[in-house]
*Asks:* 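Right, I'll just put the structure down here and ask away after.
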Amino acid sequence: MSVNILLPDGSSKSYPQGVSPQMVAEDISPRLAKAAVAAEVDGQVCDLSIALGAGEHRVRILTDRDEPALEVLRHTAAHVLAQAMIRLYGPGVQYTIGPALMDDFQYGFYYDFDLPEPIGQEDLEKVEAEMRRVIQEQVPTRRREMSPGEAIALMEKLGQRYKIELIEDLVRDEKVQQVSLYEQGDFTDLCRGPHLPHTGMVKAFKLLAVAGAYWRGSEKNKMLTRVYGVAFFDEKRLAEHLTRIEEARKRDHRVLGKQLGLFLISDAVGPGLPLWLPKGTRIRMELEGWLRGELLKRGYQPVITPHIGRLDLYRTSGHYPYYQESQFPPLVERETLEKLAGEGCSCVELQQRMERGEVDGYLLKPMNCPHHIQVYKAAQRSYRDLPVRLSEFGTVYRYEQSGELNGLTRVRGFTQDDAHIFCTPEQLEGEIQSCVELTKLVLATLGLSDYRVRISLGDRSSDKYVGDPEHWALAEENIRSVVKKLGLSYVEAAGEAAFYGPKIDFMVKDCLGREWQLGTIQVDYNLPERFALEYIAADNAPHRPVMVHRAPLGSPERFIGILIEHFGGAFPLWLAPVQVAVLPVSEKVADYAASVHRRLSEAGLRSEFDDSSEKIGAKIRRSTLDKVPYMAVIGPREQEAGAVSVRSRSAGELGAKPLDDLVAGLRLEVDSKGASPLSGAPGA
RNA sequence: GCUGCUGUAGCUCAGUGGUAGAGCGCGUCCUUGGUAAGGACGAGGUCGUGGGUUCAACCCCCACCAGCAGCUCCA
C-alpha cells in the first residue's frame with residue numbers, strides 16, 4: 001500500500017505508507033523542509049511528524065508565512081511557558097489550560113496555573129529568561145496517543161489533578177477512546193496539538209501580563225493565575241505588535257478624556273457616573289443634534305420621560321425580576337418606610353416583600369421602553385397611525401459589577417439614543433430595514449466603515465427567554481431576511497438574544513482593528529403582550545402591535561468613548577470641541593485678532609482666542625496638543641491684508657488666506673462632516 | 001463580584017520610620033516674539049479614608065473606598 005500525496009500546486013507524489021509531511025517537504029526542497037513548521041493534511045492542521053495512512057491525502061506544508069502556522073507557534077509558546085514555570089516554581093505547579101489566541105488585540109496565548117504562591121508582573125522577566133533557555137535547548141516535542149486510563153495514570157504520577165479532571169470529562173462528555181499528550185523534555189501535557197517540531201522554533205515572544213482567571217471560566221471555581229504572552233516568527237513582527245499595543249494605550253479614551261478635558265469620573269459623585277465637561281459636552285451635543293435631525297426626517301417623534309418609575313411598571317415589563325442584581329436598589333417612599341419600620345419589618349423582609357409585589361417603590365429606570373409604552377398607550381391607536389416611532393435620548397441606570405466599570409465604555413449611568421417603534425407585523429421587516437439603514441448611515445458618517453453584524457438568537461433549551469416560540473421564529477426570520485437583503489456580512493449567535501426577543505448588533509472595528517459592539521436593533525413581541533398593547537386594524541378589531549427597540553449609537557457615552565480612541569482625540573471638524581484657534585503673533589495685532597475671533601464665532605464656528613503673552617511657537621504647540629483642527633495665525637502682515645495665516649492639524653501650514661475664505665471653507669467642511677476644502681485633505 | 005497590582009500638588013510621577021519634592025499646568029511681573037516650549041518670581045499637598053503598631057507613620061499592619069489588568073456578567 002502506498003500513500004498518494006496531492007500538493008496545493010496540483011501535482012501528486014507517491015510515498016510508502018507511514019511517510020510524514022516532514023519527509024514530503026524534504027522531498028520537495030531542502031528550503032521548504034527548513035521553513036516547514038506544520039502541515040495541513042486534508043484540511044486539518046497537524047504535526048510535521050505524523051505518519052500518513054494509506055490512500056490519498058491533500059497535503060500542504062505550512063511555513064511561517066501561513067496564518068495557521070502562527071497558531072501552532074503560539075500554542076507551542078504556551079507550552080514553553082508552562083515548562084519554564086515548572087522549572088522555576090517546582091513540580092507543585094498545576095498546569096491547566098493554555099491555548100493560542102488569534103483574535104485578541106493584545107495577547108497571543110496564555111496558560112492558566114494553580115501556583116503554590118502567587119506571582120506578579122515583576123516575575124515575568126524571570127519567567128521569560130527561563131523560556132529563552134527552553135527555546136535555546138531546542139527541546140523536541142513528541143506526540144503520544146494513549147488510552148484515557150493510561151493518561152490518567154501518567155498525570156497522577158505527575159500530580160496534575162486538573163489534567164485528570166479534563167481527561168475524565170473528555171471520556172464522559174465526548175466518549176473519547178484515546179487522548180493525545182505532548183512530551184517536551186521533562187514536560188508532558190494533555191493536548192490536542194499540533195505543535196512545532198521543537199521549542200527552538202519559537203523565535204520571538206514576550207510575556208505581557210499576569211492576572212486571575214477562574215478555572216473553567218466559572219466564578220464558582222478556584223481563581224487561577226493566568227500568564228498572557230504573545231509570539232511571532234520574527235522579532236520585527238513582535239516589535240510591530242508591541243508598537244500597536246503602545247499606540248492603543250496612547251489612544252485610551254480615559255487618558256485622552258483627561259488630557260483634552262472631555263469628561264470626568266469623580267469619586268465624589270460615584271463610580272461609573274461620568275460628568276461631561278464643557279468640551280466633551282460639545283462633542284456630544286453635535287453628535288446628538290445631528291442624529292435628532294436624522295430622526296425627525298425619518299418620522300420619529302421625540303418624547304421626554306422621567307428617570308424613575310414605579311417598581312410595578314418594571315415588574316410588568318419583566319426588567320425588575322430579570323435583572324434585579326444589576327439594578328440600583330429601589331427607592332421607597334418615606335411614609336411607607338416609616339410604617340414598615342414601625343411594624344418591625346427588617347431590610348431583608350422589605351426586599352422580599354418588594355419582590356413579591358406587596359410593597360411598591362420606584363426604580364431608577366434601567367430601560368426606557370416601559371415609559372415609551374405608556375406614551376403609546378396614552379392614545380387609542382389606529383392602524384393608520386402606525387408605525388409610531390417614539391425617540392428619546394434617555395438616561396438609564398444599571399448597577400454594573402464594580403470590576404466591569406471602564407471609563408465611558410462601561411458605566412452605571414448612561415444614555416441610550418433610544419427609540420421604540422410600534423408597528424403591525426406586516427410593517428416589521430420594513431422598519432427593521434430602515435433601522436439598519438440608519439445605523440449604516442451613522443457608522444459611515446463617522447468613518448467607521450469596517451463592521452459586521454451579529455444576529456443574536458434565542459436558545460430553545462434555555463429558560464432565560466420568554467414569549468411565544470412562533471413569535472420568536474417569525475422575528476428571527478424577519479431579521480435574517482433584512483440582513484441578507486442588505487448584503488451585510490453576519491454571524492449568528494444562539495443564546496445571545498435579549499430575554500424578550502432576538503436582535504441585530506453591529507460589531508464595529510476601529511482604526512486599530514479592535515472590535516466594539518455598538519448599535520443594536522431588537523424585535524419584541526413580548527412587551528406588547530405584557531402591557532396589552534393594541535391598535536384598531538382595518539377590520540375594526542383590536543390587534544397587537546410589534547415593537548422594535550433600536551439604538552444606532554447604542555449609547556452616546558460608550559460611542560464617544562470609542563470615537564475618542566478611533567480618532568485618537570483628533571475629532572473631525574464638525575465634532576471638534578474647539579474648531580479654530582485664533583493666535584495673534586503679538587499684542588500689537590490683538591484687536592484685529594479679536595475681530596477675527598468674533599467673526600468666526602458669529603459664523604457659528606467654535607473659535608478660541610489665545611491672547612496670552614506666549615510667543616507664537618508656544619501658542620501653536622498648545623493648540624496642537626489640544627488637537628484643534630485649525631489655527632488662524634495673525635501678525636501685522638495679515639492685519640494689513642485682512643487675512644489670516646491658516647495652519648491645519650492634518651496638512652500643516654496652508655499660508656495666508658482672506659478671512660472670508662477661511663470662514664467659508666470651515667463652514668463647508670463642518671456641513672459636509674468630513675472633506676476639507678481648505679487643505680484638500682480629509683478632515684479627520 | 002473574584003484574583004493581583006496601585007492610590008503623594010490640577011496633571012504625570014520621584015521619595016524617606018523623624019509631618020515632603022520634580023516636570024508640566026496655574027498666578028503675577030518682565031518680554032512683543034512669525035508656525036511645536038522666552039525669562040523671573042510665586043501660590044498650591046491633613047501623602048485615598050478609618051483604625052492599629054510605634055516616643056514618632058506618607059512610609060509597617062488591618063479594614064474600607066476608588067482606580068488599573070484579567071476573569072465572570074451585560075436588558
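So you know, we letter chains A, B, ... as the sequences are listed, proteins then strands, and number each from 1.
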*Asks:* So, for A:D418 and A:R550, which heavy atoms are closest and what is the spacing to 0.1 Å?
*Replies:*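 What the structure gives for the nearest pair is C-NH2, 3.4 Å.
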*Asks:* Report the C-alpha separation of A:E614 and A:R621 in whole Å, then their side-chain angles, then the decisive distance to 0.1 Å, and conclude whether the salt bridge (Lys or Arg N to Asp or Glu O under 4.0 Å) test is met.
*Replies:* CA-CA 11 Å; A:E614 293 296 338; A:R621 178 179 152 80; over 6 Å; no
*Asks:* I'd like the P distance from B:U3 over to B:U8, given in whole Å.
*Replies:* 24 Å
*Asks:* Contact class for A:I616 (heavy atom, under 4.0 Å): base, sugar-phosphate, or nothing?
*Replies:*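 Answer is sugar-phosphate: A:I616 comes under 4.0 Å of backbone atoms only.
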*Asks:* Give me the atom names and distance for the closest heavy-atom approach of A:A84 to A:V127.
*Replies:*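 Heavy-atom minimum between the residues: CB-O, 4.1 Å.
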*Asks:* Mapping A:A213 and A:F499 onto RNA chain B by nearest heavy atom, which one lands closer to the 5' end?
*Replies:* A:A213
*Asks:* Using a 4.0 Å heavy-atom cut-off across all strands, classify A:Q517 as base, sugar-phosphate, or nothing.
*Replies:*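 Since no nucleic acid heavy atom lies under 4.0 Å of A:Q517, the category is nothing.
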*Asks:* Is there a side-chain polar atom (N or O) of A:R254 under 4.0 Å from OP1 or OP2 of B:C68?
*Replies:*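 Checking A:R254 against B:C68: at least one side-chain N or O falls below 4.0 Å of OP1 or OP2.
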*Asks:* Of the options A:Y95, A:W215, A:Y111, which is the one that meets A:Y162 in a ring-ring contact (aromatic ring centres under 6.0 Å, His included)?
*Replies:*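 Single pass found, and it is A:W215.
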*Asks:* Should the pair A:E400-A:R410 be classified as a salt bridge under the 4.0 Å nitrogen-to-oxygen rule?
*Replies:*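 Looking at A:E400 and A:R410, the cut-off is met.
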*Asks:* Could I get a table of every N or O pair under 3.5 Å where one atom is in the protein and the other is in nucleotides 8-13 of chain B?
*Replies:*
unit_1	atom_1	unit_2	atom_2	d
B:U12	OP1	A:K258	NZ	3.3

*Asks:* Write down the atom of A:S317, the atom of A:L527, and the distance for their closest heavy-atom approach.
*Replies:* O-CD2, 3.4 Å
*Asks:* Measure from CZ on A:R621 to P on B:C24 and round the result to the nearest Å.
*Replies:*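 Atom CZ in A:R621 sits about 10 Å away from atom P in B:C24.
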*Asks:* If you measure from the ring centre of A:Y323 to the centre of the six-membered ring in the base of B:A75, is it under 5.5 Å, with the planes under 30° apart?
*Replies:* yes
*Asks:* Please classify the nucleic acid contact of A:Y500 as base, sugar-phosphate, or nothing, using heavy-atom distances under 4.0 Å.
*Replies:*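 Since only primed, P, OP1 and OP2 atoms lie under 4.0 Å of A:Y500, the category is sugar-phosphate.
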*Asks:* Report yes if the distance between the aromatic ring centroids of A:H549 and A:Y500 is under 6.0 Å, otherwise no.
*Replies:*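 Yes.
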*Asks:* Counting any heavy atom closer than 4.0 Å, what does A:G403 reach on the DNA or RNA strands: base, sugar-phosphate only, or nothing?
*Replies:*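 Base contact - A:G403 has a heavy atom under 4.0 Å of at least one base atom.
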*Asks:* How long is the span from the CZ atom in A:R315 to the CD atom in A:Q324, to the nearest 0.5 Å?
*Replies:* 9.0 Å
*Asks:* Describe the nucleic acid contact of A:S645 in one word from base, sugar-phosphate, nothing, applying a heavy-atom distance below 4.0 Å.
*Replies:*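 Base, at least one base heavy atom under 4.0 Å.
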*Asks:* Can you confirm whether more than 12 heavy atoms, excluding those of A:E246, are under 6.0 Å from its CD atom?
*Replies:* yes
*Asks:* If the P atom of B:C2 is compared with that of B:C58, how far apart are they to the nearest Å?
*Replies:* 29 Å
*Asks:* If I pick the P atom on B:A57 and the same atom on B:G50, what distance separates them, to the nearest angstrom?
*Replies:*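 14 Å, rounded to whole Å.
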*Asks:* What is the distance from NE2 of A:H253 to P of B:G67, rounded to the nearest Å?
*Replies:*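 Result: 13 Å.
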*Asks:* Say you pick atom P in B:G10 and the same atom in B:C64; how far apart are they, in whole Å?
*Replies:*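 Result for the P pair: 28 Å, nearest Å.
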*Asks:* How close or far is atom P of B:U32 from atom CG of A:D591, stated in whole angstroms?
*Replies:* 18 Å
*Asks:* Using atom C1' in both nucleotides, what's the gap between B:C13 and B:G45 to the nearest angstrom?
*Replies:* 15 Å
*Asks:* For A:T409 versus A:W516, what's the shortest heavy-atom pair and its separation?
*Replies:* CG2-CZ3, 4.1 Å
*Asks:* Give one of base, sugar-phosphate or nothing for A:Q324, where a contact means two heavy atoms less than 4.0 Å apart.
*Replies:*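 No contact.
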*Asks:* Taking atom types as they are modelled, would you say the side chain of A:Y399 forms a donor-acceptor pair with the base of B:G1 within the 3.5 Å cutoff?
*Replies:* no
*Asks:* For the base of B:A75, is there a side-chain donor-acceptor partner from A:S317 under 3.5 Å away?
*Replies:*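 Answer no: no donor N or O sits under 3.5 Å from an acceptor.
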*Asks:* Examine the base of B:G1 for any acceptor or donor lying under 3.5 Å from a partner atom in the side chain of A:E400, and report the outcome as yes or no.
*Replies:*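 Checked by distance alone, the answer is no.
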*Asks:* Counting the atoms with a prime plus P, OP1 and OP2 as sugar-phosphate, which does A:R647 contact under 4.0 Å by heavy atoms, base, sugar-phosphate, or nothing?
*Replies:*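 The residue A:R647 makes base contact.
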*Asks:* Contact class for A:E325 (heavy atom, under 4.0 Å): base, sugar-phosphate, or nothing?
*Replies:* nothing
*Asks:* More 5' along RNA chain B: A:Q416 or A:V633, using each one's nearest nucleotide?
*Replies:* A:V633
*Asks:* Anything under 3.5 Å between a protein N or O and an N or O of nucleotides 39-49 of chain B, put it in a table, one pair a line.
*Replies:*
none

*Asks:* Check whether any side-chain nitrogen or oxygen of A:S326 sits under 4.0 Å from OP1 or OP2 of B:C74, and answer yes or no.
*Replies:* no
*Asks:* State whether A:N406 places a side-chain N or O below 4.0 Å from either non-bridging phosphate oxygen (OP1 or OP2) of B:A69.
*Replies:* yes
*Asks:* Using the C1' atom as the point on both nucleotides, what is the distance between B:C47 and B:U19, in whole Å?
*Replies:* 10 Å
*Asks:* When we call it a touch if two heavy atoms are under 4.0 Å apart, what does A:G617 touch: a base, just sugar-phosphate, or nothing?
*Replies:*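 Sugar-phosphate contact only - A:G617 comes under 4.0 Å of backbone atoms but never of a base.
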*Asks:* Rounded to the nearest Å, what distance is computed from the NZ atom of residue A:K222 to the P atom of nucleotide B:C71?
*Replies:* 19 Å
*Asks:* Answer yes if the ring centres of A:Y228 and A:F109 are under 6.0 angstrom apart, and no otherwise.
*Replies:* no
*Asks:* Mind checking if A:P271 touches a base, just sugar-phosphate, or nothing, with heavy atoms under 4.0 Å?
*Replies:*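 Here A:P271 touches the backbone only, sparing every base.
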*Asks:* Is it true that A:R251 and A:E247 make a salt bridge, defined as a side-chain N closer than 4.0 Å to a carboxylate O?
*Replies:*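 Judged by the 4.0 Å cut-off on N to carboxylate O distance, A:R251 and A:E247 do form a salt bridge.
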*Asks:* Taking only the side-chain nitrogens and oxygens of A:Y397, find out if one of them lies under 4.0 Å from OP1 or OP2 of B:C74.
*Replies:*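 Negative; the distance criterion is not met.
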*Asks:* Rounding to the closest angstrom, what is the interatomic distance between B:G39 and B:U31 at atom P?
*Replies:*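 My reading of the P atoms in B:G39 and B:U31 gives 16 Å.
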*Asks:* Students often get this wrong, so: under 4.0 angstrom with heavy atoms, is A:Q401 touching a base, only sugar-phosphate, or nothing?
*Replies:* base
*Asks:* Between A:R254 and A:D252, is there a side-chain N and carboxylate O pair less than 4.0 Å apart?
*Replies:* yes
*Asks:* If I compare all heavy atoms of A:G309 with all of A:Y314, which pair ends up nearest, and what's the gap?
*Replies:* O-CE1, 3.7 Å
*Asks:* Heavy atoms under 4.0 Å, any strand shown: does A:L224 hit a base, just sugar-phosphate, or nothing?
*Replies:* nothing
*Asks:* Identify the stems formed by RNA chain B, where each pair is Watson-Crick or G-U wobble with both distances under 3.5 angstrom and a stem is at least 3 consecutive pairs.
*Replies:* B:1-7 with B:65-71, B:10-13 with B:21-24, B:26-30 with B:38-42, B:48-52 with B:60-64
*Asks:* A:R637 near the nucleic acid: base, sugar-phosphate alone, or nothing, with a heavy-atom cut-off under 4.0 Å?
*Replies:* base
*Asks:* Answer with yes or no after comparing the ring centroid distance for A:F506 and A:Y451 against a 6.0 Å cut-off, counting only values under it.
*Replies:*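 Yes, the ring centres sit under 6.0 Å apart.
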*Asks:* Report which part of the nucleic acid A:R410 touches: base, sugar-phosphate, or nothing (heavy-atom distance under 4.0 Å, all strands).
*Replies:*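 Since a base atom lies under 4.0 Å of A:R410, the category is base.
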*Asks:* Work out how far the P atom of B:C24 is from that of B:A40, and round it to whole angstrom.
*Replies:* 11 Å
